[in-house]
**Student:** 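Below is the structure I would like to discuss, written out as structure tokens.
Atoms within a ligand are numbered from 1 in the order they appear, just like the ligands themselves.
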Amino acid sequence: MMNKQEMIDILSSLEPKAMNSIFKRAYALKLKYVGNTVYFRGIIEFSNLCSNDCYYCGIRSSNDRVRRFTMTEQEILAAARFADQAGYASLVLQAGERDDPEFIDFIEGLIIGIKNESSNRLGITLSLGEQRYETFSRWFKAGAHRYLLRIETSNPDLYKKLHPRNQDYYSRRDCLNNLKNIGYQVGTGVMIGLPFQTAADLVEDIIFFKKQDIDMIGMGPYIGHHATPLYKVEQPDNQRNFLLSLAMIALTRINLLDVNIAATTALQALDDYGREKGIKAGANIIMPNITPLQYRDGYQLYDNKPCLDENADQCQACLTKRIIAIGEQVGFNQWGDSPHFLSRVK
Ligand code: SAH
């Protein structure tokens, strides 16, 4: 691990020279540990029904100005077919939080359906929030092999400030442990630049990733959503949070080495070249949005989410060009599993 104080200093000052030096170091380590390949995961944001009420999120249950939607199984299968034909090789199924029996069955059927239709070509990552052990286990048996569950912040006191009382930090952390025991490749992450969050908190986040022996990281800037309670507390400094996020990607690469790290959509929301800059800071995964256009405005977790009007084909062409332009190649037709996971289970 890099020295803690040194990391705190970089994150608090965001001094350009220090930043460039960690970007260079992190990118060299990216090349060494995960190569010059960027892997795509087609993400389908298939429902904004949510029983949680996170103070920062645009689709929180108390936001009654959102038109709620759930895609049908047929629509999701069609999006999966697109990903398969485009050579994306891996899907992320994301939605708001639900744990009712119909939902659990629906997801199980969906996983089996996607696996069958693609003759097991598509890898499936789930991002469906906290669930019971048994549910995680059923979905794993059905064929999902990766799970993303952001801890949001590793500081339990800060977690409390951002969530209502029934959403508990320790339950969320237990879920991460359960996912690992079941055999998933486990991803977590945090939001960067939250109100009340300090540079020391962010360094602790990286230490948390390391202690949890995490395989994949998905983190990005906190971005305000006008209809949320947190937005009323303080409006975020987007420029600062963008740089902080790049620094966090670099420091995570430097400290964790062989994990998969995503350059998230939120990065691109704040900068036209956000994802490329994320790759140059050490990330190696991009998640093109393949949700049908008519549903995109229903899934706005934060304001000004990008690519609301660009369909999946256009998105693929645009992204591929962008990756090649920065001297990387796209890992078409490969799952691109986390090397950390592969050595962890060996
Ligand atoms: N229901 C799933 C998926 C949640 S949405 C779950 O609970 O894990 C995916 C992620 O979007 C969240 O984990 C959160 O980190 C992020 N997010 C939500 N609101 C955001 C905001 N205002 N700015 C940036 N990221 C946000």
**Student:** Using a 4.0 Å cut-off to any heavy atom of G96, which atoms of ligand 1 qualify?
**Tutor:**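 So the atoms of ligand 1 that pass are 1 (N).
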
**Student:** Do G58 and ligand 1 have an N or O pair less than 3.5 Å apart?
**Tutor:**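 No; the residue has no nitrogen or oxygen that sits under 3.5 Å from a nitrogen or oxygen of the ligand.
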
**Student:** Are any of the heavy atoms in C54 under 4.0 Å away from ligand 1?
**Tutor:**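 No.
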
**Student:** For atom 13 (O) of ligand 1, grab the closest protein heavy atom and report residue, atom and distance to one decimal in Å.
**Tutor:**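 Of the protein heavy atoms, E152 OE2, 2.6 Å lies nearest.
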
**Student:** Taking atom NZ of K277 and atom CZ of F23, what is their separation to the nearest 0.5 Å?
**Tutor:**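 Nearest 0.5 Å value for the NZ-CZ distance: 9.5 Å.
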
**Student:** Quick check on contacts: which atoms of ligand 1 are under 4.0 angstrom from a heavy atom of Y222?
**Tutor:**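 Answer for ligand 1: 22 (N), 23 (N), 24 (C).
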
**Student:** Taking the six-membered ring for Trp, are H163 and Y56 ring centroids under 6.0 Å apart?
**Tutor:**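 Centroid distance H163-Y56: below 6.0 Å, so yes.
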
**Student:** Mind checking whether R172 has an N or O less than 3.5 Å away from an N or O of ligand 1?
**Tutor:**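 Between R172 and ligand 1 (N or O atoms, distance only) the closest approach is under 3.5 Å.
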
**Student:** Would you say D215 and N260 are linked by a side-chain donor-acceptor pair, where the criterion is simply a distance under 3.5 Å?
**Tutor:**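 The answer is no; no qualifying pair exists.
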
**Student:** With heavy-atom distances below 4.5 Å as the criterion, would you say the side chains of I22 and R253 are in contact?
**Tutor:**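 A side-chain contact under 4.5 Å is absent here.
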
**Student:** Within the 4.5 Å heavy-atom criterion, are N155 and E204 side-chain neighbours or not?
**Tutor:**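 Side chain of N155 against side chain of E204, heavy atoms only: no contact under 4.5 Å found.
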
**Student:** How does E130 reach ligand 1, by side chain, by backbone, by both or by neither, if only non-hydrogen atoms under 4.0 Å count?
**Tutor:**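 Within the 4.0 Å criterion, E130 makes no contact with ligand 1.
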
**Student:** Which of the numbered atoms in ligand 1 are below 4.0 angstrom from a heavy atom of R150?
**Tutor:**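 In order of numbering, the contacting atoms are 13 (O), 14 (C), 15 (O), 16 (C).
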
**Student:** Check contact between G189 and ligand 1, using heavy atoms of the residue and a distance below 4.0 angstrom.
**Tutor:**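 So G189 does not count as touching ligand 1.
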
**Student:** Enumerate the residue pairs fulfilling salt bridge (Lys or Arg N to Asp or Glu O under 4.0 Å) with a member in residues 81-94, sequence neighbours excluded, ordered by first and then second residue.
**Tutor:**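 Only R81-E117, D84-R121 qualify under salt bridge (Lys or Arg N to Asp or Glu O under 4.0 Å).
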
**Student:** With atoms numbered from 1 as shown, which atoms in ligand 1 lie under 4.0 angstrom from a non-hydrogen atom of E97?
**Tutor:**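 Those of ligand 1 that fall under 4.0 Å from E97 are 1 (N), 6 (C), 7 (O).
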
**Student:** Hey, is ligand 1 close enough to L148 that some N/O pair sits below 3.5 Å?
**Tutor:**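 No; every N/O pair is 3.5 Å or more apart.
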
**Student:** With only distance considered, is Q94 within less than 3.5 Å of ligand 1 through an N or O on each side?
**Tutor:**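 The answer is no, given that Q94 and ligand 1 share no N or O pair closer than 3.5 Å.
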
